[in-house]
Amino acid sequence: MAGNGAAARGGGGRGVVISDDWPGYSLDLFTYPQHYYGDLEYVLIPHGIIVDRTERLAKDIMQDIGDNDIVVLCVLKGGYKFCADLVEHIKNLSRNSERFISMKVDFVRLKSYHNDQSMQDMQIMGEDDLSKLTGKDIVGTGRTMKVLLNHIEKYNPKMIKVASLLVKRTSWPDGYRPDYYGFEIPDLFVVGYALDYNEYFRDLNHICVINDRGKAKYRV
C-alpha cells in the first residue's frame, strides 16, 4: 500500500501496519454496492489485498500447527468471511503439501457493539455445547476474543491460537493481541468484508471507513 508516503509496512510477525495518517483509497477507484453510495469515507483495505494477506496467514498457521487435527471456531457474524477464506486457503495448502491438516469448523456469536460504540458487557449468543473442544487444538477467528477465550479455557483444549484479520491500535492498556493477524489499523470504525454497522455493509467486499451520514442513516 503506497501513496502519500509510507502508508503501510510489514512488522516481523506483526502483520501489515497501516499508519494513522494513511488517507486510504478513493471510492471512485473501486466498485461497491450502489446502495452505499454517500455512506462511506474511503476504502481502507481493498478486497484483493485482504485475500492475499489471508493466504499468507494460512501458510503461517499451517507451518505452526503441523500435522495436528484442529477445530476452527468461527466468531459470527463479523468473522464468517475471513474464517471461510482462511479455511479454504489452509485446505488448498494442505492438499498440495505432505503435511495434511484435518479441520472441523464450529461457530459462536459474540455481540459487542451498539451502533458504533463498544459495549462493556460481551454477550455470547447461539452457543452450542463447547465440551467437544476438550483436548483439541483450537484456531479461533474473529474480532473480539478475550471473553470467549476465558470461556473456552474451561474446557481444557490442548492448544488455542487466535487469528484475526484486523487489530486496532487503541489506548486500552489491556488490548488483546492475537497470535496471527492480517492488518494493524488505526482506531477507526470500519465496515465491509462481513464487518457490519447494525447488520448493514456485510455485502461490501472492501474494508471501508463509514462516514457520519452512514452512521446516522443506519443508526438504531
Side-chain angles (χ1 to χ4, degrees), residues 1 8-19 44-97 99-110 112 122 130 133 136-153 155 157-170 172 174-188 190 192-195 205-207:
M1 255 178 255
R9 62 189 185 277
R14 295 178 59 203
V16 177
V17 181
I18 299 177
S19 63
L44 184 68
I45 311 173
H47 181 251
I49 296 177
I50 297 170
V51 172
D52 288 350
R53 180 68 186 130
T54 303
E55 184 176 11
R56 177 53 195 256
L57 291 178
K59 181 179 179 180
D60 292 343
I61 291 170
M62 188 169 175
Q63 288 176 339
D64 293 345
I65 296 296
D67 299 322
N68 295 307
D69 295 342
I70 62 175
V71 175
V72 178
L73 187 61
C74 176
V75 180
L76 298 174
K77 296 180 182 178
Y80 82 83
K81 181 67 174 168
F82 172 58
C83 180
D85 288 350
L86 183 66
V87 167
E88 191 62 28
H89 282 307
I90 293 175
K91 286 166 57 179
N92 289 337
L93 289 169
S94 181
R95 278 195 292 265
N96 297 307
S97 169
R99 305 173 69 190
F100 177 75
I101 294 180
S102 174
M103 288 186 298
K104 295 181 180 179
V105 181
D106 211 335
F107 302 90
V108 67
R109 184 180 177 191
L110 304 182
S112 59
M122 181 73 60
L130 296 181
L133 304 180
K136 302 289 186 179
D137 294 321
I138 311 299
V139 176
T141 63
R143 293 181 301 149
T144 310
M145 294 300 299
K146 291 184 68 175
V147 171
L148 182 59
L149 284 175
N150 290 335
H151 190 72
I152 292 174
E153 286 172 354
Y155 298 98
K158 180 181 176 183
M159 177 175 62
I160 303 175
K161 295 288 186 180
V162 177
S164 180
L165 180 63
L166 304 177
V167 171
K168 289 185 180 181
R169 286 190 299 276
T170 69
W172 296 104
D174 59 346
Y176 177 75
R177 183 71 58 166
D179 301 285
Y180 311 93
Y181 59 95
F183 303 89
E184 179 185 298
I185 67 172
D187 189 14
L188 301 168
V190 294
Y193 197 69
L195 302 177
N205 282 334
H206 314 294
I207 291 178

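In this chain, numbering begins with 1 at the start of the sequence shown.
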Item to check | Check: Gln63 and Lys59 side chains under 4.5 Å, non-hydrogen atoms | outcome: yes

Checklist entry - What class does the angle between the rings of Tyr193 and His47 fall in, given that below 30° is parallel, 30 to 60° is tilted and above 60° is perpendicular? => result tilted

Checklist entry - Side-chain contact, heavy-atom cut-off 4.5 Å: Met159 with Ile65? => result yes

Checklist outcome for this item: Between Leu93 and Ala58, the two heavy atoms sitting closest are CD1-C, 3.8 Å

Checklist entry - Are side-chain heavy atoms of Ile49 and Phe183 found at a separation under 4.5 Å? => result yes

Checklist entry - Rounded to the nearest 0.5 Å, how far does NZ of Lys161 lie from CG of Asp64? => result 6.0 Å

Checklist outcome for this item: Correct closest heavy-atom pair for Ala194 and Lys81 would be CB-CB, 3.6 Å

Checklist entry - What residue among Leu166, Ile45, Leu188 forms side-chain contact (heavy atoms from CB on, under 4.5 Å) with Ile18? => result Ile45

Checklist entry - Pick from Val71, Ile70, Val72, Leu73: which one makes a side-chain contact (heavy atoms from CB on, under 4.5 Å) with Val105? => result Val72

Checklist entry - Hey, does the side chain of Asp179 reach the backbone of Val162 with a donor-acceptor pair shorter than 3.5 angstrom? => result yes

Next on the checklist: Show the nearest heavy-atom pair for residues Ser164 and Pro178, with the distance to one decimal.
Outcome noted: CB-CG, 3.9 Å

Item to check | Any Asp85 side-chain heavy atom under 4.5 Å of Glu88 side chain | outcome: no

Item to check | Backbone N/O of Gly182 and side chain of Arg56: donor-acceptor pair under 3.5 Å | outcome: no

Checklist entry - Looking at Ser19 and Pro186, what are the two nearest heavy atoms and their distance? => result O-CG, 3.5 Å

Next on the checklist: Quick check: closest heavy atoms across Lys91 and Met103, and the distance to 0.1 Å?
Outcome noted: CG-CE, 3.3 Å

Next on the checklist: If I take atom CD1 from residue Ile207 and atom CD1 from residue Ile50, how far apart are they, to the nearest 0.5 angstrom?
Outcome noted: 4.0 Å

Next on the checklist: Show the nearest heavy-atom pair for residues Arg169 and Val17, with the distance to one decimal.
Outcome noted: NH1-CG1, 3.6 Å

Checklist entry - Can you name the side chain to side chain contact (heavy atoms under 4.5 Å, CB included) partners of Leu57, sequence neighbours left out? => result Arg53, Phe82, Leu86, Tyr180

